[in-house]
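Just so we're on the same page: letters track the sequence lines, and every chain starts at 1.
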Protein chains: 2
Amino acid sequence: MTIHHQPDKAAPSKDLIDAVRAFNRFYTRQIGLLDEGLLKSAFSLTEARVLYELAHRDGLTATDLGRDLGLDAGYVSRLLKKFERLHLISRVTLVSDARQSSIALTPAGRNAFAPLNKDSHDQVAALLDRLPASEQDRLVNSMRTVQRLLDDSGEPKIPYLLRPLQVGDIGWITRRQGMLYAQDYGWDETYEALVAEILANFVKSFDPKWERGWIAEREGEVVGSVFVVRKSDQVAKLRLLYVEPSARGLGIGKRLVDECIGFAHARGYKTLTLWTNDILTAARHIYQAAGFKLIEEEPHHSFGKDLVGQNWDLEL
Amino acid sequence: MTIHHQPDKAAPSKDLIDAVRAFNRFYTRQIGLLDEGLLKSAFSLTEARVLYELAHRDGLTATDLGRDLGLDAGYVSRLLKKFERLHLISRVTLVSDARQSSIALTPAGRNAFAPLNKDSHDQVAALLDRLPASEQDRLVNSMRTVQRLLDDSGEPKIPYLLRPLQVGDIGWITRRQGMLYAQDYGWDETYEALVAEILANFVKSFDPKWERGWIAEREGEVVGSVFVVRKSDQVAKLRLLYVEPSARGLGIGKRLVDECIGFAHARGYKTLTLWTNDILTAARHIYQAAGFKLIEEEPHHSFGKDLVGQNWDLEL
DNA sequence: ACATTTACTTGACTAAGTCAAATATCAGGA
DNA sequence: TCCTGATATTTGACTTAGTCAAGTAAATGT
């Protein structure tokens, strides 16, 4: 199996752009509705946002607030002056820079913020409560996805992690491999069926001493996988290596293959073998770099295409 | 296989609420950033929103605009007066109600809106362009999910539709069934493997004349499925009936079974048989209602549980 | 040391939005 | 038919929220 090229970068389609714009309009209204509830308080919406930031983060400066909330510096200055007059905040000039000061809510400030916070919390709770639990999860997952994709504040701390198989994985891997190869190479549904069959057999006859699977996960999502199965006492087979297009370039493919080799070695196998197709060049590079040698090639007709299958072996 | 009860409704957890609130704060800022770009124009943000609505929907009244955009009636009135003064809109008093009028953009109005629209379009295009194509899709899918879940403006026009199998389905069905039965009944990963195996065989030995699968789709998402496979000239077997918890109560389960029966009948089978487990009560009700008779029961140990398997037959 | 930049403040201003009262019309019932 | 209460829109009077530019003081780079 294989690793693909970086996906092509065409101009985003009009459909996608329109969908994003529709969402923006929708959410503008949604936020407006939620904010209405907060308008009964003594604070304006922006004041409430500032209080929220102050309540949840320490050591903020006026500049931080303006930048993070997208506010004019003069406006922030006045807001803070008002809060100070009401004894809701205290400012301590920074030793590192006498122009700035670290702003913190006073106990009175926390008291003033508490009802705002509760209102907002209750309002969101009411919103969620209209949905069944399973849909609440879907909503929050989708929100997290949107936020993560749009928020380019750096890469995740942990680029990815490897874990063993769990329920749901084999279906997911089947689906993603089926779709990827259909999209990139035009393979038909028999490839997806083959993946399903391989994984079904893997689970059915799983022997933890001799076999293993690795799932690469990134931000809670499966982004790659690989399996080692026993062919004989001497020979292990690497199967179903794949990495999501969105997670390529992180070295996940190489890492997965290395894990397989390490495992096969530790278990005393003499040979690690694998079958792939010649068109899957990115995967081939990984195999070659890991020391696999091409043993034989043979044309075959599978998955609706004429292909050239390859067997590669690594002597351990 | 089976259909489950409506999911329980507990108070939303604090984690979920906090995640939604975090998203709201994030998106408030996000919208603020996008809107900044539009502020260079001669129109305010709200004016631009009004123009957008007018450009995309016909026959709006002032009240419609105020309601849909969450604006004060007096403010809308003034905005419209300004637009009228600039000859951007025309108003035609409704024959049905002389107080209201239908508002439409004039050609000049469309001209004025065009650059705004283009700026907004380009800005979103630029936003999307930072992401690889696969992530653009994920972003938009997630946005659509959020929008659909929060927008309670009635049920979808088409509650669901049935379609044949396509690439990606068998993995998805495998995953969802595996996860549902693990969650609801504690079945282990061997059940997911069984689903994968059944579906792999279905595809591998698929005979369109004698066999068929149906996927129930709702708003672009798979919410159920069922398969009929050939056991002999005389006997067809119904397999893997399932309906997503979020789509229950729409009669999808019954509809899927009816399709199976109709197909089996049309193909000249004499018997439609199926295997299920006694704990799957919702499914049993559907089978009974469709005329299936319980033929035999036997205890078995599978999927990490002690279960009672049942064979049901329907004479056609 | 000097020029430039950054953090914040302040005065002067305007756009954006709110609120309440007024007017015209409609819908339904006595 | 007229009356009552509601709805759609308008208008005047007002407040709030936010902008812009100029200024001060401290920090940073050269």
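For A/Y52 and A/F43, the distance between ring centers is not under 6.0 angstrom. Between B/F26 and A/Y27, a ring centre-to-centre spacing not shorter than 6.0 Å is recorded.
Distance CD1/A/I17 to CG/B/L127: 10.0 Å, rounded to 0.5 Å.
Between the side chain of B/D64 and the backbone N or O of B/T61, at least one donor-acceptor pair lies under 3.5 Å.
Going from atom CG of A/L94 over to atom P of D/dA27 covers 10 Å, rounded to whole Å. Between B/Q100 atom CD and C/dT25 atom C1' there is a gap of 10 Å when expressed in whole angstrom units. Between the CZ atom of A/R99 and the P atom of D/dA26 there is a distance of 10 Å, rounded to whole Å. Rounded to whole angstrom, the span from the CG atom of A/L65 across to the C1' atom of C/dT6 amounts to 17 Å. With rounding to whole Å, A/L79 atom CG is found 13 Å from D/dT16 atom P. What separates CG of A/D35 from P of C/dA16 is a distance of 18 Å, to the nearest Å. Going from atom CZ of B/F43 over to atom P of C/dA15 covers 14 Å, rounded to whole Å. With rounding to whole Å, A/K82 atom NZ is found 11 Å from D/dG18 atom P.
Listed by residue number, A/D72, A/Y75, A/R78 are the residues of residues 67-78 of chain A with a heavy-atom contact under 4.0 Å to DNA chain D.
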Full working for side chain to side chain contact (heavy atoms under 4.5 Å, CB included) between B/T46 and B/L69: CA-CA 9 Å; B/T46 306; B/L69 298 178; 5.8 Å; no

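There is a side-chain donor-acceptor pair under 3.5 Å between B/R21 and A/N117. Side-chain atoms of B/Y242 and B/R176 form no donor-acceptor pair, as typed in the model, at a separation below 3.5 Å.
If you check C/dC26, C/dA7, C/dT6 against the side chain of A/D97, the one that comes closest is C/dA7. The side chain of B/T46 lies closest to C/dG17 when the candidates are C/dT25, C/dA7, C/dG17.
The shortest distance between the side-chain N/O atoms of A/R91 and the OP1/OP2 oxygens of C/dA7 is not below 4.0 Å.
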